Amino acid sequence: MQLSSLSFALALVLLVASPVSTEALTLRKAAAGSPVERVVTLLTDLKEKLLMDEKGEQKVYDKYACWCEKTTARKAEAITDANNDLRAFGQTILSLKGKIATLAFEIEELETHIKLNKEAQEQATTIRQKENAAFVADTTELKEAISAMEKAVTVLVEGSSSLLQAEAKAKIKAVVAAIPSSKSLKAEQLTLLSEYMRSGYAPQSMTVQGILKDMYETFTADLESATQAEATANTNFEAFIATTTEELHYMEKSKAEKEAEKAESEQRLADTQALYDDTEEQKKADINLFDVTKDACTAKHDTWEVRSSLREEEVAGITKALEILTSDAARELFASSIKAGKETGMDSRDTGRDIAPAFLQLGSPVAKAYAALKESASASHSVRLAMLASKVRSAKVGHFDEVLASIDKMIQT
């Protein structure tokens, strides 16, 4: 049972152990006494080397694991930050789009009101100009008629000489001609004036004077009323223009401010949209790197777990082999099995038949070693273990040279 454990441990350790220089093995073989002592020295060195390799590889793996942890944590934080930023950017984009739409509507309304305001001012100005032209025309006619009336009354009052009567007829004729088209005389008044202008009858002068005075008072009253109406209309017009002009200035200023605000919001929207797109692309890259890193780190961790487990089995096998090789029972077994002077070769007269059966029995150490090696070779599908098992099985008592040579070859490869 001890040789079975030893053979299995030797095979497993030597298969995976790092190469040992040929010069070192040569020095060890030259310095060692028996094959068993050489194997003990080799196993001890292998165990030390495995433990040193384990420390070195553990340090490298710890650095890699630390990198994995920091990288995945950093990328996870970056992804979380990106999600928060995208949410904030999205809300800002929606807010800016709503603001821009509202400003566009308000600007459109202002443009409509500005247009209506200008049209109202133009319309009011046109109406005022027409009203003023009509006023000027009417007042001019009234003033001319009033002036003619004043002259006619003066002539009628001065006397009744033939010369004055002729002048009075001319003045009354001028009055009738100066009467505005908008004004009309009563039929009786027109008949008296026409008769006076035809005959110049003196008694009628008083009646004519009365008619002219009535007309004068009426026309002067109409002139005063027209002048007051014109003044009122002009005052209202000026007030309307002042109000609408102020409103126009306010709307134009408000429109300019809203257009500037809209332009600024559109620029902010473009910038925020660009940030959103860049953040989204970076997030995709971070997610991809996170997934790749996580998969690589997981695969590396699984590989490391397998390697650590195998290394523990290697060290355990070497430790068990050393316990077996250095035990008193092993020393007695090898001392009784290996004859002095025949460690590396048999005497030509010794066929080994006297002791070979002991090693080849089903329960012998060699048979157990062979069985252990064969089982390990079958489980791991290792051709080298299978070849080593074959050499262990075919080796004669005390003749480990071929087996050791195979182990040395396995170490170097």
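These numbers come from a predicted model, not from an experiment.
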dist Leu96:CG -> Phe89:CZ (nearest 0.5 Å) comes out at 12.0 Å

Applied to residues 70-80, the salt bridge (charged side-chain N to carboxylate O under 4.0 Å, His left out) test, sequence neighbours excluded, yields Lys75-Asp286

Can you tell me if Thr125 uses its side chain to pair, donor with acceptor, with the backbone of Gln121 under 3.5 Å?
yes

Evaluate Arg128 against Glu131 for salt bridge (Lys or Arg N to Asp or Glu O under 4.0 Å), listing each step before the verdict. CA-CA 5 Å; Arg128 180 84 280 275; Glu131 290 177 346; 3.2 Å; yes

Taking every heavy atom of Phe135 against every heavy atom of Ala226, the minimum-distance pair comes out as CE1-O, 3.2 Å

With a 4.5 Å limit on heavy-atom distance, are the side chains of His249 and Lys253 in contact?
no

Without swapping roles, check the side chain of Ser308 against the backbone of Glu305 for a donor-acceptor pair under 3.5 Å.
no

Before giving the answer on side-chain contact (heavy atoms from CB on, under 4.5 Å), spell out for Asn117 and His113 the whole-Å C-alpha distance, their side-chain angles and the decisive distance to 0.1 Å. CA-CA 6 Å; Asn117 182 287; His113 290 310; over 6 Å; no

Go through the side-chain N and O atoms of Gln273 and Asp277 and say whether any donor and acceptor fall under 3.5 Å apart. yes

Ionic contact status for Arg307 with Glu57, cut-off 4.0 Å: yes

- Do any N or O atoms from the side chain of Thr72 and from the backbone of Glu69 form a donor-acceptor pair under 3.5 angstrom? yes

Review point. Hey, are the side chains of Ile241 and Phe237 touching, using non-hydrogen atoms and a 4.5 Å cut-off?
Key: yes

Sorted by chain and residue number, the side chain to side chain donor-acceptor pair (under 3.5 Å) partners of Lys99 (sequence neighbours excluded) come out as Glu261

To the nearest 0.5 Å, atom CD1 of Ile79 lies from atom CG of Asn84 at 12.0 Å

On a heavy-atom basis, the closest approach of Trp67 and Cys297 is CZ3-SG, 4.3 Å

Can you check whether Ala239's main-chain N or O pairs, donor with acceptor, with Thr243's side chain at less than 3.5 Å?
-> yes

What one should report as the nearest heavy-atom pair of Lys283 and Leu86 is CD-CD1, 3.8 Å

Rounded to the nearest 0.5 angstrom, the OG1-CD distance for Thr139 and Glu144 is 9.5 Å

May I have the step-by-step check of side-chain hydrogen bond (donor to acceptor under 3.5 Å, both in side chains) for Asp271 and Gln267, ending in yes or no? CA-CA 6 Å; Asp271 294 341; Gln267 183 61 48; 3.0 Å; yes

(request) Could you tell me whether the side chain of Asn236 and the main chain of Thr232 form a donor-acceptor pair under 3.5 Å? (result) yes

OG1 of Thr245 to CD of Glu238, rounded to nearest 0.5 Å, is 11.5 Å

Distance col, row Leu110:CG vs Lys258:NZ, nearest 0.5 angstrom, shows 6.5 Å

Smallest heavy-atom separation, Phe240 atom then Ala124 atom, equals CE2-CB, 3.4 Å

Could you go step by step and tell me if Gln58 and Trp304 meet the side-chain contact (heavy atoms from CB on, under 4.5 Å) rule?
CA-CA 9 Å; Gln58 182 69 50; Trp304 173 254; 3.0 Å; yes

_side-chain contact (heavy atoms from CB on, under 4.5 Å) between Arg268 and Thr92, intermediate numbers included_ = CA-CA 9 Å; Arg268 284 186 58 198; Thr92 302; 4.2 Å; yes

Is there a side-chain contact between Tyr61 and His301, using heavy atoms and a 4.5 Å cut-off? yes

Practice item. Start with the C-alpha gap between Lys49 and Asp45, add the side-chain angles, then the distance that decides, and say whether salt bridge (Lys or Arg N to Asp or Glu O under 4.0 Å) holds. Key: CA-CA 6 Å; Lys49 189 175 188 306; Asp45 291 344; over 6 Å; no

Value for CG (Leu116) from CD (Glu247), rounded to nearest 0.5 Å, stands at 11.5 Å

> Considering residues, nucleotides and ligands other than Glu264, do more than 12 of their heavy atoms fall under 6.0 Å from its CD?
Replying inline: no

Under 3.5 Å: donor-acceptor pair, side chain of Thr71, backbone of Cys68
no

**Q.** Donor-acceptor under 3.5 Å (Ser254 side chain, Tyr250 main chain)
**A.** no

- Message: Main chain of Lys143, side chain of Ser147: is a donor-acceptor contact present, judged purely on distance under 3.5 Å?
- Response: no

Working note: Lys262 + Glu266, criterion salt bridge (Lys or Arg N to Asp or Glu O under 4.0 Å); need CA distance, chi angles, decisive distance, verdict. CA-CA 6 Å; Lys262 179 173 176 286; Glu266 288 174 340; 2.7 Å; yes

Only one of Glu119, Lys118, Glu111 passes side-chain contact (heavy atoms from CB on, under 4.5 Å) with Lys115, and that residue is Glu119

Side chain to side chain donor-acceptor pair (under 3.5 Å) filter on Asp81, not counting sequence neighbours, yields none

